Structures are given as structure tokens and as C-alpha cells.
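For this chain, numbers begin at 1 and follow the sequence in order. Remember, it's a predicted structure, so these values are computed and weren't measured experimentally. FYI, side chains are in, hydrogens and waters are out, and symmetry mates aren't considered; it's all heavy atoms of this structure.
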Amino acid sequence: MEIRPIVSSLRRHKITAWLLIIEMALTCAIVCNAVFLISQRLDRMNIVSGVVEHELVEIKVADVGLHPDAKARVEADLAALRRIAGVTQVGVASQLPLGNSSSNNGIMLDPKQKMATINATMYQGQSLLQALGTQLVAGRNLGDGDYRDFDSVMKAAADGDPNDARMPKVVVLTQTMADRLWPGQSALGKQIYLGPVPITVVGVVAHLVRPNNFSLGSEYSMALPVRLTGEGNSSYVIRTAPSERQRVLKAALAALKKLDPKRVVLQKRTWDEIRESYFQNDHAMAGLLVAVCIALLVVTALGIVGLASFWVAQRRRQIGVRRALGATRADILHYFQTENFLLATIGIAIGMVLAFGINLFLMKHYELPRLPAAYFPVGAVALWAIGQLAVLGPALRAAAVPPVVATRSV
């Protein structure tokens with residue numbers, strides 16, 4: 001089919017043609033970026049935590065008042081929790097993966113560095129990695145002889161001696177963090193520095209996500225052998241069979257309350273609830289963006305149907321003349337489909353430029369990554385398909401107009 005008659009016809013309907021082009025351009029620009037944002041949210045929600053989520057429950061408690069025997073109280077709590085039937089591991093931590101509260105530190109490879117190499121989360125607490133079920137891929141886990149009491153560590157840090165025996169000497173970190181610090185090398189035996197304090201890597205785990213701050217490196221995490229002594233709020237992590245979690249959670253609460261009826265329970269939840277709570281805003285945002293995309297595509301399709309129907313009504317005489325001169329129904333159908341394809345192509349081309357501009361704005365102000373080039377052809381194909389499907393109904397009605405009926409309207 002020749003393009004010239006179509007272009008000539010569109011020149012006589014400039015306003016409606018440009019309305020359709022602008023509509024397609026805006027839809028292309030917004031949908032491409034919205035789909036990209038949805039994919040970012042889905043990737044974030046599906047992040048690998050590195051822990052056995054379906055086997056874990058958390059109980060976060062806070063003591064009322066100060067207790068001189070705080071360390072002994074924590075050990076008594078751990079012992080009581082381990083005695084519960086069905087419990088396989090118990091740990092205690094000051095922070096947890098996906099917990100939204102994070103303690104971080106700059107990591108250096110040389111104590112003379114002025115700037116930290118990376119920023120990493122510091123997990124602390126007795127038997128934490130074992131309770132979380134992290135997968136050890138190299139070296140060993142933290143042992144009882146590695147641990148230092150939290151209050152002693154704080155006093156040693158205040159004294160400022162990096163070689164103080166009260167400071168932790170070893171660390172277990174993630175494979176991602178090890179690869180970042182020593183690409184292509186084994187991390188075992190290497191040293192990192194928390195300020196002036198040297199710490200030797202003795203183990204590497206496959207995955208362990210941060211509590212938050214994913215933009216700093218979602219798996220830049222490490223576990224230090226620091227024994228929590230009950231100062232502040234502590235989270236007990238209990239590992240059991242998935243089917244036993246609710247029963248164990250109730251039994252654990254009863255055991256802790258028995259030891260101290262006055263303590264306050266701040267959290268009691270399974271890890272599934274932790275993940276759901278952490279990503280609830282991402283889930284809501286993804287749903288909202290999906291709704292926006294669907295609404296835009298529906299409005300665009302309806303706009304194409306409306307304009308195409310308007311053009312068919314205006315061109316009944318032209319259609320009749322063409323049919324009388326020998327044009328077939330297929331010719332009329334192809335005419336309207338080609339016309340829509342040309343307008344959609346112009347709109348998509350403009351929309352891609354707008355999509356790139358919107359992405360640059362989001363990169364600058366919201367620290368989003370660059371929109372991958374693959375989204376442009378995929379978006380173009382989707383909009384071409386929607387355009388062709390939307391114009392099909394009006395085009396079929398135009399093709400069904402008999403020549404004699406059309407010419408009687410002259």
C-alpha cells in the first residue's frame with residue numbers, strides 16, 4: 001500500500017493526528033519508566049536474605065529499669081529458649097536482616113586510609129549466624145572463644161587502643177563483601193580495619209542481607225563476635241520447623257515472661273511477617289504503578305478507538321469512492337491499520353525521547369539506575385500491538401461499508 005495517500009489524508013486532520021501522537025508519546029514515556037520502576041521494586045522484594053526465613057521467629061523484649069545482672073539474664077533467657085521442644089537454634093542480636101534498624105561502619109583495608117573502602121552492616125550477638133541458618137562457604141563460623149562482651153568492647157573503644165585484648169579479633173563476612181574487597185582472591189586470613197582496629201576474616205557466608213540501606217550494597221554485611229549483655233533492646237531469634245513456629249512462639253513468650261513477668265515484649269512475629277512488613281511500601285508502590293500502567297494503556301486504546309471511529313464516520317464518502325473504484329475490504333482494513341501504525345511510530349519515537357528524559361530526572365533526584373535500552377523496543381512493540389488491536393474494530397466497520405451505501409450519502 002502506498003503511504004502518500006495516507007500522509008495526504010492526515011495533513012487534512014492535523015489536530016486529531018497530533019492528539020493521537022501526543023497520547024502515544026506520553027503513554028510510551030510513562031509506561032516505560034513505570035515498568036522499569038515496577039521491575040526495580042520486584043527485584044527488591046525478591047532479594048535473597050541469606051537466612052532460613054520459614055524456620056525463624058523473633059521476639060524482641062525490653063527490660064524495665066536497670067539490672068546489674070543483665071549479662072546473666074540474657075544467658076538465662078537463651079538457656080530457657082533452648083529447652084523448648086522443637087527449638088533447634090537460638091541466637092540474640094542487636095539488629096536483624098530486613099529489620100529496618102541498622103548499625104553500620106566504614107571498612108578500610110589500611111588503617112591509614114582517609115576514606116572507607118565500603119560501608120557495611122555489623123551484626124552482633126551470640127550464636128546469631130547459626131540461628132539465622134546462614135550458609136558457610138569458606139573458613140569457619142564464630143566460636144565461643146572468639147566472643148567479647150559488649151560493655152568491654154565499648155570500654156576498649158573508648159580507651160583507643162586498637163590492640164586491646166577486649167576488642168573482637170575475627171569476623172565472618174559475606175561473599176559479596178569479600179569479592180568487593182579482594183576481587184579474585186580468598187578472603188580468609190585477610191584483615192579489615194574498623195577505624196584503627198584490625199580484624200581477621202575467618203569465615204565467609206554465601207548471603208546475608210543488610211537491615212536496610214540497600215543502596216550502599218545490599219549484602220555488605222559482617223558478623224562480629226560481640227556478646228550482648230542485655231543493655232538496651234535485644235531480639236531473640238529462634239529456629240524451628242516451619243509448622244512449629246506458632247507453637248514455639250507462644251512457648252517462648254511464656255518462658256521469657258516466667259523469668260521476668262515485668263519485661264515488655266516489643267515484637268513477636270515470624271520471619272514471613274518481618275519480610276511482609278519490610279516490603280509493604282514496595283508492594284503498595286508496585287501495585288499503584290501497575291494500576292497506572294493499565295489505566296494509561298486503556299485510555300490510550302479508547303482514544304485510538306474514538307479517533308478511528310470519528311475518522312471512519314468522516315470518510316464514508318471517501319471509502320465508498322474507493323470501494324466503487326475497486327478497493328477490497330482488505331484494502332480498506334490495511335489503510336486504517338497502516339495509518340495507525342504511522343501515527344503510533346511517530347508517537348513512540350517522541351515517547352522514547354521523553355522516557356529517556358524522565359529517567360535522567362529520576363536518576364538525578366532519586367538515585368535510580370539508568371533505564372535499560374531493552375525497555376524501548378519492548379515498549380514500542382507493546383504500543384504498536386495495542387494500537388493495531390484498538391483500530392481493528394473501527395477499521396472492520398469501515399471495510400464493511402458497501403460501495404452503494406457509501407455513494408448514496410453524496
**Report entry** Note, Ile15 side chain near Leu19 side chain (heavy atom, < 4.5 Å)
**Finding:** yes
**Report entry** Lys/Arg N to Asp/Glu carboxylate O, Arg322 vs Asp331, below 4.0 Å
**Finding:** no
Report summary line: The residue among Leu383, Ile348, Val299, Ile22 that forms side chain to side chain contact (heavy atoms under 4.5 Å, CB included) with Thr27 is Leu383
Report task. Determine, for Asp164 against Arg166, whether the closest basic-nitrogen to carboxylate-oxygen distance falls under 4.0 angstrom. Result -> yes
Requested in this report: Evaluate the side-chain contact (heavy atoms from CB on, under 4.5 Å) criterion for residues Val172 and Val202: first the C-alpha distance (whole Å), next the side-chain angles of each, then the deciding distance (0.1 Å), finally the verdict.
Outcome: CA-CA 6 Å; Val172 172; Val202 295; 4.2 Å; yes
Query raised in the report: Does the side-chain contact (heavy atoms from CB on, under 4.5 Å) test come out yes or no for Asn33 and Tyr375, once each step is laid out?
Result: CA-CA 9 Å; Asn33 279 282; Tyr375 281 80; over 6 Å; no
Query raised in the report: Is the count of non-hydrogen atoms from other residues, nucleotides or ligands lying under 6.0 Å from Arg370 atom CZ greater than 12?
Result: no
Query raised in the report: Can you tell me if CE on Met285 sees more than 12 non-hydrogen neighbours from other groups inside 6.0 Å?
Result: no
**Report entry** Worked verdict on Val171 versus Thr200 for side-chain contact (heavy atoms from CB on, under 4.5 Å)
**Finding:** CA-CA 6 Å; Val171 67; Thr200 302; over 6 Å; no
Report task. For His334 and Ala330, indicate whether the former's side chain and the latter's backbone hold a donor-acceptor pair under 3.5 Å. Result -> yes
Requested in this report: State, without any angle test, whether His207 and Gln135 hold a side-chain donor-acceptor pair at a distance under 3.5 Å.
Outcome: no
Query raised in the report: How many angstroms lie between atom CD1 of Ile118 and atom CG of Asn105, to the nearest 0.5 angstrom?
Result: 10.5 Å
Query raised in the report: Side-chain donor-acceptor pair under 3.5 Å between Ser152 and Arg227, yes or no?
Result: no
Query raised in the report: To the nearest 0.5 Å, what is the distance between CG (Leu228) and CG (Asp151)?
Result: 10.5 Å
**Report entry** Thr300 vs Leu20 side-chain heavy atoms within contact, under 4.5 Å
**Finding:** no
Requested in this report: Check the surroundings of atom CG in Asp43: do more than 12 heavy atoms from other residues, nucleotides or ligands lie under 6.0 Å from it?
Outcome: yes
Query - Expected output: side-chain Lys257 to main-chain Arg263 donor-acceptor under 3.5 Å - result: yes
Query raised in the report: Do the non-hydrogen side-chain atoms of Pro369 and Gln40 ever get within less than 4.5 Å of each other?
Result: yes
Requested in this report: Hey, could you give me the CG/CG distance between Asp77 and Leu259, rounded to the nearest 0.5 Å?
Outcome: 5.5 Å
Query raised in the report: Side chains of Tyr236 and Val74: does their closest heavy-atom pair fall under 4.5 Å?
Result: yes
Report summary line: Separation between CD1 (Ile294) and CG (Leu289), nearest 0.5 Å, reads 11.0 Å
Report task. Begin from the C-alpha positions of Asp272 and Arg245 and carry the test salt bridge (charged side-chain N to carboxylate O under 4.0 Å, His left out) through to its verdict. Result -> CA-CA 11 Å; Asp272 294 337; Arg245 286 179 295 175; 2.9 Å; yes
Query raised in the report: What is the minimum heavy-atom distance between Val226 and Pro168, and which atoms define it?
Result: CG2-CG, 4.3 Å
**Report entry** Atom of Leu224, atom of Leu142 and distance for their closest heavy-atom approach
**Finding:** C-CD1, 3.9 Å
Requested in this report: Please name the pair of heavy atoms, one in Phe376 and one in Ala355, separated by the smallest distance, quoted to 0.1 Å.
Outcome: CE2-CB, 3.8 Å
**Report entry** Heavy-atom pair with the smallest gap, counting every atom of Arg148 and Met167
**Finding:** NE-O, 3.6 Å
Report task. Enter the distance from Gln95:CD to Thr121:OG1 here, rounded to the nearest 0.5 Å. Result -> 5.5 Å
Query raised in the report: Side chains of Gln89 and Glu55: donor-acceptor distance under 3.5 Å anywhere?
Result: no
**Report entry** Passing option when Ser218 is tested against Asn212, Leu208, Ile47 for side chain to side chain contact (heavy atoms under 4.5 Å, CB included)
**Finding:** Ile47
**Report entry** Stepwise side-chain contact (heavy atoms from CB on, under 4.5 Å) test for Leu98 and Phe279
**Finding:** CA-CA 9 Å; Leu98 307 181; Phe279 291 114; 4.0 Å; yes
Query - Separation between NZ of Lys190 and CG of Leu181, rounded to the nearest 0.5 Å - result: 10.5 Å
Query - NZ/Lys268: more than 12 non-hydrogen atoms of other groups inside 6.0 Å - result: no
Report task. Please check if the side chain of Arg247 supplies one atom and the backbone of Ala85 the other of a donor-acceptor pair under 3.5 Å. Result -> yes
Query raised in the report: Just by modelled atom types, is the Glu219 backbone N or O under 3.5 Å from a matching donor or acceptor in the Thr176 side chain?
Result: no
Query raised in the report: How close do Ile38 and Cys293 get, heavy atom to heavy atom, and via which atoms?
Result: CD1-SG, 4.3 Å
Query raised in the report: With a 4.5 Å heavy-atom cut-off, do Phe36 and Leu362 have their side chains touching?
Result: no
Query raised in the report: Donor-acceptor pair, Thr174 side chain versus Met177 backbone, under 3.5 Å?
Result: yes
Report summary line: All heavy atoms of Arg269 vs all of Leu249, minimum pair found to be N-CD2, 4.1 Å
Report task. Answer yes or no: is there a donor N or O on one side and an acceptor on the other, between the side chain of Tyr220 and the main chain of Arg210, under 3.5 Å? Result -> no
Query raised in the report: Is the closest side-chain donor-acceptor distance between Ser94 and Gln124 under 3.5 Å?
Result: no
Query raised in the report: Taking side chain as C-beta onward, heavy atoms only, is Val391 less than 4.5 Å from Val305?
Result: no
Requested in this report: Please tell me if the side chains of Asn100 and Tyr278 come closer than 4.5 Å, counting only heavy atoms from C-beta onward.
Outcome: yes
Query raised in the report: Counting only N and O atoms by type, is there a donor-acceptor contact under 3.5 Å from the side chain of Ser277 to the main-chain atoms of Ile274?
Result: no
Report task. Would you check if the side chain of Glu273 reaches a backbone N or O of Thr270 as a donor-acceptor pair within less than 3.5 Å? Result -> yes
Query raised in the report: Between the main-chain N or O of Asp110 and the side-chain N or O of Gln113, is there a donor-acceptor pair closer than 3.5 Å?
Result: yes
**Report entry** Student check: side-chain heavy atoms of Val197 and Pro111 closer than 4.5 Å
**Finding:** no
Query raised in the report: Just by modelled atom types, is the Pro394 backbone N or O under 3.5 Å from a matching donor or acceptor in the Ser309 side chain?
Result: no
